[in-house]
Amino acid sequence: MNLPDSPISPPRAWVEIDTAALIENLSFARKASGCGIMAVVKAGAYGHGLEVISCTLEGAGVEFLGVANIGEARRIREAGVCSRIYLLGATWEAEREEIVARNITPCISSIEEAEEFAAIARRRGVKLAVHIAVDTGMGRGGFLAEGIEDHFAKLLMIDSLEIEGIASHLSSADEDEEFTWRQINSFESTVEKLGGAEHFLWRHLSNSAGILGYPMGCRNLARPGLMLYGISPIPSFQKSLKNVMSLKSRVTLVRTLPAGHGVSYGRSFVTKRPTRIATVGIGYGDGYPRHISGKGAEVYIRGAKHPVIGRVTMDQIMVELPDQSDIRCGDEVELFGKHIPVADLAAHADTIAWEILTAITPRVTRSYLPLHSK
Ligand SMILES: *Cc1c(COP(=O)(O)O)cnc(C)c1O
């Protein structure tokens, strides 16, 4: 169909991403940790857009970008990013040739994995930098701290690999202080057992909660994810971070429904009196969580918060307005952002902020606010 003169409609739902705020949060992570930074950009930079965020962070200077898999690493390279890229989890066989070819840095969880990487590197005539992963309590990957010396001795004998770093991961840094200190101490004593800090160019175990809650020694690289995107896993540090993403939509309809009228599927909400109701053009098909239905979540329209009523549908939600409201069709609605914290929405949805951010679907347009010039 050819419609030469038809205008292009704006999106129904969109996110605004403030890259200047991202850079401020990066500076804060640097200051709070006193370390080099591996900016974690897995899962499309937590829904913020893998390529744009990776380019922005490279421009601001980071030591590494951290990703979940080679597919993400490939997209970053193809976007022209030259920074070091680190794989945060174990790899499987079919991924390893490309990892070596692109000189991506894996962490090593087993001797077999190391030997296979070495064989590929040898064949290609290169030396691959790797980090040894230590499981100090996360239970997801790495060598167990107990008995790691033997494995390390074997790793040192494998040619074509350079063990340039040592890594671990905190399981409970926003929940359990005592256990977190046990992990930190276990990491420090593992580094000592394996020859001391000077044997590893990079030593790292802190995620956002680790950076904020546990200033500590024996590490020189930190791996912030969530805090770069403006959300603190430890609420008391929230005021130190700048909001990066806002999820927005618009009012599509405003009506007054009579008393006793059901709102949305299942009629879980029925008006008690004549009620002014706005319909908004966003739903779970955009990643706005259906689980908040009936839980008291609010949206922000024209300077005030208003409750979501009835169930979230795929493309639309309903919002209760005051009787005298002057809210009209076309008004902008903030679903989360400066006024509605993601953490609050996550709590209403019985989940965590990480999941809300990464659940925003491709239908939602990402728009980037340019860096403020100083
Ligand atoms: C996701 C991840 C991080 C970042 O965690 P945040 O809590 O978002 O800061 C750091 N390290 C590893 C290994 C990860 O998988």
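Here, residue 1 is the first one in the sequence, and each next residue gets the next number. Counting convention: from 1, in listed order, for ligands and their atoms alike.
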List the residues meeting salt bridge (Lys or Arg N to Asp or Glu O under 4.0 Å) with Glu116, not counting sequence neighbours, and say none if there are none.
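Only Arg96 meet the salt bridge (Lys or Arg N to Asp or Glu O under 4.0 Å) criterion with Glu116.
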Under a 3.5 Å threshold, I'd like every N/O contact between ligand 1 and protein atoms, with atom names and distance.
from     : atom 1 : to     : atom 2 : distance (Å)
ligand 1 : 7 (O)  : Trp354 : NE1    : 3.3
ligand 1 : 8 (O)  : Tyr46  : OH     : 2.6
ligand 1 : 8 (O)  : Leu226 : N      : 2.8
ligand 1 : 8 (O)  : Trp354 : NE1    : 2.9
ligand 1 : 9 (O)  : Ser208 : N      : 2.8
ligand 1 : 9 (O)  : Ser208 : OG     : 2.5
ligand 1 : 9 (O)  : Gly225 : N      : 2.9
ligand 1 : 9 (O)  : Leu226 : N      : 3.4
ligand 1 : 11 (N) : Arg223 : NE     : 2.9
ligand 1 : 11 (N) : Arg223 : NH2    : 3.3
ligand 1 : 15 (O) : Lys42  : NZ     : 2.7
ligand 1 : 15 (O) : Arg140 : NH2    : 3.0

Please name the pair of heavy atoms, one in Glu332 and one in Ile301, separated by the smallest distance, quoted to 0.1 Å.
O-CG2, 3.5 Å
Report yes if the side chains of Val126 and Ile120 come closer than 4.5 Å at any heavy-atom pair, otherwise no.
no
I'd like to know whether Asp159 forms a salt bridge (Lys or Arg N to Asp or Glu O under 4.0 Å) with Arg122, so could you lay out the CA-CA distance, the side-chain angles of the two residues, the decisive distance to 0.1 Å, and finally the verdict.
CA-CA 8 Å; Asp159 65 329; Arg122 204 176 300 127; 2.9 Å; yes
Ring pair (Phe, Tyr, Trp, His ring centres under 6.0 Å) partners for Tyr284, two or more places apart:
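For Tyr284, no residue satisfies ring pair (Phe, Tyr, Trp, His ring centres under 6.0 Å) once neighbours in sequence are set aside.
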Side-chain donor-acceptor pairs of residues 303-319 under 3.5 Å, sequence neighbours excluded:
from   : atom 1 : to     : atom 2 : distance (Å)
Lys305 : NZ     : His339 : O      : 3.3
Thr313 : OG1    : Gln316 : N      : 3.2
Thr313 : OG1    : Gln316 : O      : 2.6
Asp315 : OD1    : Arg363 : NH1    : 3.0
Asp315 : OD1    : Arg363 : NH2    : 2.9

